[in-house]
*Asks:* 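I am attaching a structure below and will ask some questions about it afterwards.
Order of listing sets the numbers, starting from 1, for every ligand and every atom in it.
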Amino acid sequence: MTSASTVFITGASTGIGEACALRLDRIGYTVFAGVRKPEDAARLTAAASPRLRTIRIDVTSAAEIAAAVAELETALEGQGLGALINNAGIAGGGPIEFVPVDVVRRLFEVNVFGMLAVTQACLPLLRAARGRVINMGSIAGKAVTPYVVPYCMSKHAVEALTDGLRLELAGSGIEVSVIEPGAVRTPIWEKGKTSLADAARSLPAVALERYGDKLRFFGKVLAFNNDRGVSPERVADAVVAALRTTPSRTRYLVGRDAKIRALISRLLPDRIGDSLLLKAMARLERDLA
Ligand SMILES: NC(=O)c1ccc[n+]([C@@H]2O[C@H](COP(=O)([O-])OP(=O)(O)OC[C@H]3O[C@@H](n4cnc5c(N)ncnc54)[C@H](OP(=O)(O)O)[C@@H]3O)[C@@H](O)[C@H]2O)c1
């Protein structure tokens with residue numbers, strides 16, 4: 001085991017994290033896969049080579065982060081860590097006018113503060129190996145979609161965190177990248193549907209009067225996005241590129257939808273971009289009715 005070939009990935013139980021863990025294991029990396037449940041640990045271990053080790057970590061728990069990093073340190077036997085892949089994340093939304101602030105806080109706890117805390121805890125090991133940090137962002141970190149704004153806010157923060165870390169670590173030998181997928185077929189969409197339904201249930205009557213139709217439409221959009229999304233393997237391709245290319249690219253867009261939305265937000269004035277998005281949503285609303 002050389003330090004360059006070691007990776008720690010959070011949120012490896014399902015979806016993108018699982019695909020990355022299994023791919024990196026297949027191509028020879030020593031993978032430390034972060035999970036929260038024993039059954040996920042057992043499933044991953046059974047699917048991978050004996051090199052892969054699971055590590056229990058909830059990224060919102062300071063105690064679990066400390067324990068996970070201590071476990072990593074022991075397993076690395078004095079070597080540094082080749083890469084940290086900050087992947088754990090949750091989705092969630094609701095109309096800005098009424099979304100409970102606690103829903104937004106929870107998204108930031110996992111997607112932003114969790115990512116920050118795990119990065120801080122792993123930096124001594126990453127410095128020792130001149131390793132890499134790869135953050136799982138989203139096109140939602142660049143282009144906002146109404147009614148899932150809390151999620152977009154958290155992914156915008158991931159962009160800032162990644163850019164800031166890259167700037168502050170310039171010259172340290174540590175490469176920092178962000179992966180920006182569009183829709184990917186993973187359980188997050190099903191979980192998102194549930195959280196949107198939960199949000200709808202906790203809204204006052206006036207909110208349902210104003211936004212009920214939109215929330216129902218967005219429930220359908222999530223299912224539609226799941227059908228249209230790229231496979232998590234496509235995201236794993238980008239992660240492998242971010243690990244193996246020197247210097248790595250600062251950002252990796254994944255999927256046609258992500259590339260189109262990034263182009264629109266870069267090239268077009270806001271009002272034109274808004275109008276294109278609202279028209280596309282109205283068309284989709286008619287198609288899905
Ligand atoms: N799917 C997409 O279309 C898409 C697009 C762009 C970006 N992304 C990003 O990709 C990442 C992975 O999402 P996914 O689509 O693969 O969804 P997923 O299958 O739901 O995976 C999310 C992972 O994060 C873990 N997680 C959630 N809360 C956690 C916490 N507090 N501590 C530690 N782990 C936690 C989950 O663990 P449990 O199983 O224990 O809950 C799971 O392993 C997320 O950051 C997401 O925002 C997804």
Side-chain angles (χ1 to χ4, degrees), residues 8-23 32-44 54-65 67-68 84-93 105-119 121 134-143 145 148 150-159 161-162 178-195 221-236 238-239 251-259 261-262:
F8 175 39
I9 172 160
T10 62
S13 65
T14 55
I16 292 169
E18 179 188 31
C20 291
L22 294 176
R23 165 76 72 82
F32 297 95
V35 293
R36 294 196 292 176
K37 298 188 260 332
E39 59 270 29
D40 291 324
R43 198 172 29 76
L44 264 178
T54 58
I55 292 191
R56 190 192 151 82
I57 182 168
D58 182 320
V59 301
T60 64
S61 158
E64 287 199 19
I65 294 173
L84 165 65
I85 304 171
N86 276 312
N87 167 74
I90 55 172
R105 218 170 252 138
R106 178 70 197 156
L107 275 156
F108 271 74
E109 281 298 339
V110 179
N111 296 0
V112 184
F113 306 143
M115 181 179 281
L116 171 64
V118 172
T119 304
I134 300 171
N135 290 336
M136 200 52 67
S138 164
I139 189 57
K142 289 214 153 115
T145 302
V148 283
Y151 178 72
C152 299
M153 288 164 67
S154 74
K155 290 298 180 181
H156 272 66
V158 168
E159 294 283 326
L161 175 56
T162 309
V178 60
I179 313 289
E180 300 167 330
V184 186
R185 284 192 305 276
T186 73
I188 206 170
W189 297 103
E190 201 46 48
K191 297 176 197 170
K193 232 166 80 182
T194 317
S195 76
V221 170
L222 293 181
F224 176 75
N225 273 343
N226 192 24
D227 294 342
R228 268 188 338 172
V230 300
S231 97
E233 285 295 326
R234 287 275 300 281
V235 186
V239 168
R251 29 186 46 85
Y252 293 81
L253 284 162
V254 181
R256 195 165 164 265
D257 55 340
K259 287 175 187 159
R261 289 213 67 190

*Asks:* For Ala238, which residues count as a side-chain contact (heavy atoms from CB on, under 4.5 Å) partner, sequence neighbours excluded?
*Replies:* Ile179, Tyr252, Val254
*Asks:* Should we say atom CZ of Arg256 is surrounded by more than 12 heavy atoms from elsewhere, each under 6.0 Å from it?
*Replies:*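 No - once you tally the heavy atoms of other residues, nucleotides and ligands closer than 6.0 Å, there are 12 at most.
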*Asks:* Can you tell which of Ser138, Gly141, Pro232, Ala88 gets a heavy atom nearest to atom 35 (C) of ligand 1?
*Replies:*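 The residue whose heavy atom sits nearest atom 35 (C) of ligand 1 is Ala88.
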*Asks:* Report the nearest protein non-hydrogen atom to atom 41 (O) of ligand 1: residue, atom name, distance rounded to 0.1 Å.
*Replies:*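 Of the protein heavy atoms, Arg36 NH2, 2.8 Å lies nearest.
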*Asks:* Just need the protein heavy atom nearest to atom 36 (C) of ligand 1, so name the residue and atom and give the distance.
*Replies:*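 Its nearest protein heavy-atom neighbour is Ser13 OG, 3.9 Å.
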*Asks:* I'd like to know if Gly229 contacts ligand 1, where contact means a heavy-atom distance under 4.0 Å to any ligand atom.
*Replies:*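 No, Gly229 has no heavy atoms under 4.0 Å from ligand 1.
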*Asks:* To which protein heavy atom is atom 20 (O) of ligand 1 closest, and what is the distance rounded to 0.1 Å?
*Replies:*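 It is Lys191 NZ, 2.7 Å.
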*Asks:* What is the nearest protein non-hydrogen atom to atom 32 (N) of ligand 1, stated with its residue, atom name and distance?
*Replies:*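 So the nearest neighbour among protein heavy atoms is Val59 N, 2.9 Å.
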*Asks:* Any side-chain heavy atom of Asn86 sitting closer than 4.5 Å to one from Val158?
*Replies:*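 No. Closest side-chain heavy atoms not under 4.5 Å.
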*Asks:* Heavy atom of Lys155 under 4.0 Å from ligand 1?
*Replies:* yes
*Asks:* I'd like to know whether ligand 1 has Gly34 as a neighbour, heavy-atom separation below 4.0 Å.
*Replies:*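 Heavy atoms of Gly34 never come under 4.0 Å of ligand 1.
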*Asks:* Can you see which heavy atom on Ala258 is nearest to which on Gly182, and at what distance?
*Replies:*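 Ala258 and Gly182 have their closest heavy atoms at CB-N, 3.5 Å.
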*Asks:* May I ask you to identify the nearest protein heavy atom to atom 10 (O) of ligand 1, giving residue, atom name and distance to one decimal place in Å?
*Replies:* Met136 CG, 3.2 Å
*Asks:* Indicate, as side chain, backbone, both or neither, the part of Ala183 found under 4.0 angstrom from ligand 1 when only non-hydrogen atoms are considered.
*Replies:*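 For Ala183, only backbone atoms sit under 4.0 Å from ligand 1.
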*Asks:* Where on Glu109 is there a heavy atom closer than 4.0 Å to ligand 1, on the side chain, on the backbone, on both, or on neither?
*Replies:*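 The answer is neither; Glu109 stays 4.0 Å or more away.
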*Asks:* Quick one: does Val239's side chain get under 4.5 Å of Arg23's, heavy atoms only?
*Replies:* no
*Asks:* From atom 22 (C) of ligand 1, work out which of Gly15, Gly89, Gly11 has a heavy atom at the shortest distance.
*Replies:*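 The nearest heavy atom belongs to Gly89.
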*Asks:* Can you tell me which portion of Thr186 lies within the under-4.0 Å heavy-atom range of ligand 1? Options are side chain, backbone, both, or neither.
*Replies:* side chain
*Asks:* Kindly list each side-chain donor-acceptor pair under 3.5 angstrom involving residues 9-20, sequence neighbours excluded, with atom names and distances?
*Replies:*
unit_1: Thr10; atom_1: OG1; unit_2: Asn87; atom_2: N; d: 2.9
unit_1: Thr10; atom_1: OG1; unit_2: Ala88; atom_2: N; d: 3.0
unit_1: Glu18; atom_1: OE2; unit_2: Arg43; atom_2: NH1; d: 2.7

*Asks:* Give me the atom names and distance for the closest heavy-atom approach of Ile65 to Val118.
*Replies:*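 Scanning both residues, the minimum pair turns out to be CD1-CG2, 3.9 Å.
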*Asks:* So which heavy atom in the protein is nearest atom 12 (C) of ligand 1, and how far is it from that ligand atom?
*Replies:* Asn87 OD1, 3.3 Å
*Asks:* Considering only NZ, NE, NH1 and NH2 on the basic side and carboxylate oxygens on the acidic side, decide whether Arg36 and Glu64 come within less than 4.0 Å.
*Replies:* no
*Asks:* Please list the nearest protein heavy atom to atom 7 (C) of ligand 1 with its residue and the distance rounded to 0.1 Å.
*Replies:*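 Answer for atom 7 (C) of ligand 1: Gly137 O, 3.1 Å.
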*Asks:* Numbering the atoms of ligand 1 from 1, which are under 4.0 Å from a heavy atom of Gly182?
*Replies:* 3 (O), 5 (C), 6 (C)
*Asks:* Please report the shortest heavy-atom distance between His156 and Ala143, naming the atom on each side.
*Replies:* CE1-N, 4.1 Å
*Asks:* Taking C-beta and beyond as the side chain, do Asp257 and Ile139 meet within less than 4.5 Å on heavy atoms?
*Replies:*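 Asp257 does not reach Ile139 side chain to side chain.
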*Asks:* Give the atom numbers and elements of ligand 1 that come within less than 4.0 Å of a heavy atom of Asp58.
*Replies:* 30 (C), 31 (N), 32 (N), 33 (C)
*Asks:* Flag Thr60 as yes when one of its N or O atoms lies below 3.5 Å from any N or O atom of ligand 1, and as no otherwise.
*Replies:* no
*Asks:* If you take all heavy atoms of Ala41 and Thr54, which pair is closest and at what distance?
*Replies:* CB-OG1, 3.5 Å
*Asks:* Just going by heavy-atom distances, which of Val184, Asn135, Ile16 is nearest to atom 48 (C) of ligand 1?
*Replies:*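 Result: the heavy atom closest to atom 48 (C) of ligand 1 is in Ile16.
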*Asks:* Please state which protein non-hydrogen atom is closest to atom 17 (O) of ligand 1 and give its distance, to 0.1 Å?
*Replies:* Ile188 CB, 3.3 Å
*Asks:* Can you find a pair of side-chain heavy atoms, one from Arg234 and one from Val184, that are under 4.5 Å apart?
*Replies:*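 When only atoms from C-beta onward are counted, Val184 and Arg234 do not touch, as no gap falls below 4.5 Å.
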*Asks:* Below 4.5 Å, heavy atoms only, C-beta onward: do Leu84 and Asn135 meet side chain to side chain?
*Replies:* no
*Asks:* At a non-hydrogen distance cut-off of under 4.0 Å, which region of Ala12 contacts ligand 1 (side chain, backbone, both, or neither)?
*Replies:*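 Ala12 to ligand 1: backbone contact only, side chain stays beyond 4.0 Å.
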*Asks:* Under 4.0 Å from a heavy atom of Ile90: give me the atoms of ligand 1 that qualify, with their elements.
*Replies:* 27 (C), 28 (N)
